[in-house]
Amino acid sequence: MIGDRLIQIYKKLLEHYSNQHWWPAETRDEIVIGAVLTQNTAWKNVERAIENLKRANLDTLMAIHQTKSSRIKECIKPAGFYNQKTQYLKNVARFFVENGGFEQLKKLDTPALRKKLLGVKGVGKETADSILLYAFDRPIFVVDAYTKRLCQRHKLSEQLDYDSIQGLFMEHLDADPKLFNEYHALIVKNAKEHCRKKPICKGCPLEEDLCLSD
DNA sequence: CACCAGGAATGTA
DNA sequence: TACATTCATGGT
């Protein structure tokens, strides 16, 4: 049973790394902002960008919506792709403001909300799902490069495209936001802790057949 | 020096 | 549909 295998891996990860308390942000606005800034970018650089935004009181969607792009660019430079991301943040901020913010958007069901998020230029599947799971607490599994690597290494799926992998987790696990939250966070944690060179890490904290590096 | 990091949009065939 | 390119900073 594939579901048992997924649970087995989850328990092993949780046992070694413990709870991760994701998303690493203080407010929902910061979750959304961070979700955009972290696109293909090391989290360390995202932290610097967010710190700059906070210092300038620009760490809210409303502030980003009302502030000149040039000021935002200066703040988020450490996160890279700052020209694109400034525009992306503007698009997302405008989306939330024009739709009445979290209070109105949370009234939509998950499929409808996901579709609307994907309609924002700069919000792809992973970013949309990160927002759904971590800002709206919806039972959506977030798939990233690490998740694909995990599935490939452990041969959990033939197809490695986003939808196939997401379906794998969501069809074989309970639709529990807490579970999906922790599972994704643990996969990222594990990926960061392991070398990416060897198929099986030397001194891997996990047993050999469960080493999650590639 | 090369290569990558919690992607997405756009262009090409 | 399936790849290739572009975007940009900072760490290893």
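Letters go in sequence order (proteins before strands), and every chain restarts at 1.
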- Query: Ring-on-base stacking between A:Tyr88 and B:dG7, under 5.5 Å between centres and under 30° between planes: is it there?
  - Reply: no
- Item | Proximal nucleotide (of C:dC7, B:dA8, C:dG10) relative to the A:Thr127 side chain | B:dA8
- Answer yes or no for this row: A:Trp43 ring on B:dA5 base, centroids under 5.5 Å, planes under 30°. no
- Item | For atom CD of A:Gln84 and atom P of B:dG7, their distance in whole Å | 14 Å
- Message: As a test of understanding, state which of A:Ile64, A:Thr60, A:Leu105, A:Asp29 forms a side-chain contact (heavy atoms from CB on, under 4.5 Å) with A:Phe96.
- Response: A:Leu105
- Does any N or O donor sit under 3.5 Å from an N or O acceptor when you compare the side chain of A:Lys44 with the base of C:dG10? no
- Given the P atoms of C:dA2 and B:dG6, what is the spacing between them in whole Å? 27 Å
- Query: Whole-Å distance between C:dC3 P and A:Leu160 CG?
  - Reply: 12 Å
- On a whole-Å scale, what distance lies between the P atoms belonging to B:dT10 and C:dA8? 14 Å
- Query: How are the rings of A:Trp22 and A:His184 set to each other: parallel, tilted or perpendicular (split at 30° and 60°)?
  - Reply: perpendicular
- Query: Pick the nucleotide of DNA chain B nearest each of A:Ala42 and A:Val123; which residue has the one closer to the 5' end?
  - Reply: A:Ala42
- Message: Categorize A:Glu126 for me: base, sugar-phosphate, or nothing, with a 4.0 angstrom heavy-atom threshold over every strand shown.
- Response: sugar-phosphate
- Rounded to the nearest angstrom, tell me the gap between atom CD1 in A:Ile187 and atom C1' in B:dG6. 11 Å
- Query: What heavy-atom pair brings A:Ile76 and A:Ala49 nearest, and what distance separates the two atoms?
  - Reply: CA-CB, 3.7 Å
- Message: Looking at A:Asn40, I'd like to know whether one of its side-chain N or O atoms comes within less than 4.0 Å of OP1 or OP2 on C:dC7.
- Response: no
- Query: Think A:Thr41 has a side-chain N or O under 4.0 angstrom from the OP1 or OP2 of B:dG6?
  - Reply: no
- Among B:dG6, C:dT9, B:dA8, which is the nearest nucleotide to the side chain of A:Asn45? C:dT9
- Taking all non-hydrogen atoms of both residues into account, name the closest pair between A:Arg28 and A:Ala135 and its distance. CD-O, 3.4 Å
- Query: C1' atom, C:dC7 versus B:dA5: distance in rounded Å?
  - Reply: 14 Å
- Query: Counting just side-chain N and O atoms, does A:Arg48 come under 4.0 Å of either OP1 or OP2 of B:dA5?
  - Reply: no
- Looking at the side chain of A:Tyr82, which of B:dG7, C:dA8, B:dG6 is the nearest nucleotide? C:dA8
- Just how far, in rounded Å, is P of B:dC4 from OH of A:Tyr146? 12 Å
- Query: Just to confirm, is there a sub-4.0 Å distance from OP1 or OP2 of B:dT10 to any side-chain nitrogen or oxygen of A:Lys121?
  - Reply: yes
- Protein-nucleotide distance (A:Lys192, atom NZ; C:dG10, atom P), rounded to Å: 17 Å
- Task: List the atom of A:Arg71, the atom of A:Ala56, and the distance in Å for their closest heavy-atom pair.
- Result: NH2-O, 3.7 Å
